[in-house]
Protein chains: 2
Amino acid sequence: MDSVINLSRKEQVIRKAAELFREKGYAASSMRDLAQKLGIEAASLYSHIKSKEEILHQLCFDMAAEFRKSLDAVEKQKGPASEKLKNGIIGHIQVMAKDLTASAVFMNEHRHLSQPHLRDFLLLRINYINRFKAIIDEGVKNGEFKEHIDRKLAVMTLFSSLNWMPMWYDPNSTIVPTSLGQQLADMLVTGLRK
Amino acid sequence: MDSVINLSRKEQVIRKAAELFREKGYAASSMRDLAQKLGIEAASLYSHIKSKEEILHQLCFDMAAEFRKSLDAVEKQKGPASEKLKNGIIGHIQVMAKDLTASAVFMNEHRHLSQPHLRDFLLLRINYINRFKAIIDEGVKNGEFKEHIDRKLAVMTLFSSLNWMPMWYDPNSTIVPTSLGQQLADMLVTGLRK
DNA sequence: GTGCGAACCTAACGAGTGTTCAGTAATAGA
DNA sequence: TCTATTACTGAACACTCGTTAGGTTCGCAC
């Protein structure tokens with residue numbers, strides 16, 4: 001139907017935009033650049049999207065929803081905090097690996113969202129981080145983790161490691177995302193263990 | 001003398017530019033924005049700098065030189081690889097903490113350098129990373145570190161953690177940079193140890 | 001064959017971009 | 001007092017920006 005075709009074309013636009021934003025950054029990417037990538041004129045883009053920012057908005061909030069979903073599943077699990085933390089890390093990596101381009105945009109370009117979208121985005125982000133912090137707290141309380149660790153430092157180090165992954169991970173590499181997540185989780189969780 | 005006053009004013013311009021670039025990104029920062037921050041007109045900036053990119057160039061390459069210097073000192077030390085790695089991490093953190101603003105620009109905005117400066121910058125970066133890789137190799141060879149670790153993964157995780165620090169570290173916080181470096185080094189090195 | 005909607009076009013808008021240029025006021029050294 | 005230098009200015013240049021208006025083409029449904 002029309003809406004399917006429409007969505008499909010719109011998604012093409014958004015995917016190409018994600019590639020462009022990743023390469024050059026949002027602010028340095030022009031609508032004419034994007035149009036050229038698609039083989040059309042800049043004005044034609046506006047048949048599919050409302051504005052440049054709408055593209056960024058969709059990219060950022062779609063990724064945020066994926067991360068949320070992944071963590072939802074982990075929190076339902078029973079078991080030690082270290083296992084939950086590991087699975088949280090693995091899930092995060094898998095979500096990123098599913099779309100490295102969008103992940104890079106999500107991470108580096110979200111600041112170009114205008115208000116109030118930026119505020120909304122940052123709230124989602126803080127919420128996500130706090131849920132990881134709670135898992136670490138749980139591990140500290142039940143004696144799995146060192147009790148003298150700085151929780152903010154720990155959780156920020158964690159996210160730093162995870163969020164830079166799209167910068168250096170080669171999707172054609174021999175390391176598959178699952179094993180990557182496993183290894184990363186090992187490295188990071190071991191650092192916390194007593 | 002003239003040159004001192006000139007340098008001083010030029011440095012003021014560059015410092016304010018660093019703040020601006022950090023907040024809004026290089027591409028989204030205009031010379032008129034920068035001028036306004038300094039209370040002058042945009043045209044007046046060109047009495048002090050040759051171009052917008054010259055500012056970015058100076059910021060990026062000055063930081064690169066600082067990182068290099070710090071690692072030079074570490075490499076001269078004798079002792080176990082884990083100690084060298086720790087000191088490398090602590091040094092890196094201290095260089096960043098000395099100028100968080102410039103560090104953030106160094107990390108996030110270097111890609112807006114034009115050629116051949118971008119190529120030069122990336123070469124410096126690869127070199128720096130490889131020197132850390134060599135320390136890890138040393139630790140694997142002499143049995144300090146797990147031998148099954150993926151070196152690329154380890155070193156990239158390391159840099160990810162370090163390089164995001166300017167994003168969340170609050171210079172008014174109670175954690176002083178030295179202790180921050182110490183804790184970070186502990187966390188990351190423990191993950192590698194046998 | 002008529003109508004419709006998706007996809008695209010050309011042309012243009014007002015605003016903002018980095019940068020240049022000629023000129024001015026202030027200050028310091030001779 | 002004259003001179004040179006520094007810091008700055010307003011005006012302008014040649015672009016580029018995101019976006020809009022109005023219109024064309026094409027294929028499908030009835």
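We name chains A, B, ... by the order of the sequence lines, and we start the count at 1 in each one. Computed from a predicted structure; not experimentally measured. Just the heavy atoms: all of them, side chains too, but no hydrogens, waters or symmetry mates, feed the values below.
Dashed line: the shortest gap from a side-chain N or O of A:Ser44 to OP1 or OP2 of C:dC9 is under 4.0 Å. Listed pair A:His48 / C:dA7 meets the phosphate criterion, a side-chain N or O lying under 4.0 Å from OP1 or OP2. In this structure, B:Ser30 does not reach the C:dG16 phosphate: none of its side-chain N or O atoms is under 4.0 Å from OP1 or OP2.
Spacing between atom OH of B:Tyr46 and atom C1' of C:dT19 amounts to 5 Å, rounded to whole angstrom units. Between B:Gln36 atom CD and C:dG16 atom C1' there is a gap of 14 Å when expressed in whole angstrom units. Put simply, CG on A:Leu45 is 11 Å from C1' on C:dC8, counting in whole angstrom units. Remark: P of D:dG18 and CZ of A:Phe21 are 9 Å apart, rounded to the nearest angstrom. The interatomic distance linking B:Glu41 (CD) with C:dT20 (C1') rounds to 15 Å, in whole Å. We find that CG of A:Asp33 is positioned 6 Å from P of D:dC17, with the value rounded to whole Å. Per the geometry, CD1 belonging to B:Ile40 stands 16 Å off C1' belonging to C:dA25, to the nearest Å. In this entry the distance linking CG of A:Leu20 with C1' of D:dC17 reads 14 Å, nearest Å.
Between the side chains of A:Arg15 and A:Gln12, no donor-acceptor pair of N or O atoms lies under 3.5 Å.
Looking at B:Arg32, its side chain has no donor and acceptor atom pair within 3.5 Å of the base of C:dG16.
Counting only heavy atoms from C-beta on, A:Ala43 has its side chain closest to C:dC9 among D:dA7, C:dC9, D:dG18.
For B:Phe21 against A:Arg111, the heavy-atom pair with the smallest separation is O-NH1, 4.1 Å.
Using cut-offs of 30° and 60° for the angle between ring planes, the B:Phe121 and B:Phe61 rings count as perpendicular.
Taking for each of B:Ala42 and A:Tyr26 the nucleotide of DNA chain D with the nearest heavy atom, the 5'-most of the two is the partner of B:Ala42.
At least one side-chain heavy atom of B:Phe159 sits under 4.5 Å from a side-chain heavy atom of B:Phe132.
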Begin with the C-alpha distance, continue with both residues' side-chain angles, and end with the deciding distance and a verdict on salt bridge (charged side-chain N to carboxylate O under 4.0 Å, His left out) for A:Arg22 and A:Glu19.
-> CA-CA 5 Å; A:Arg22 182 194 195 176; A:Glu19 290 171 22; over 6 Å; no
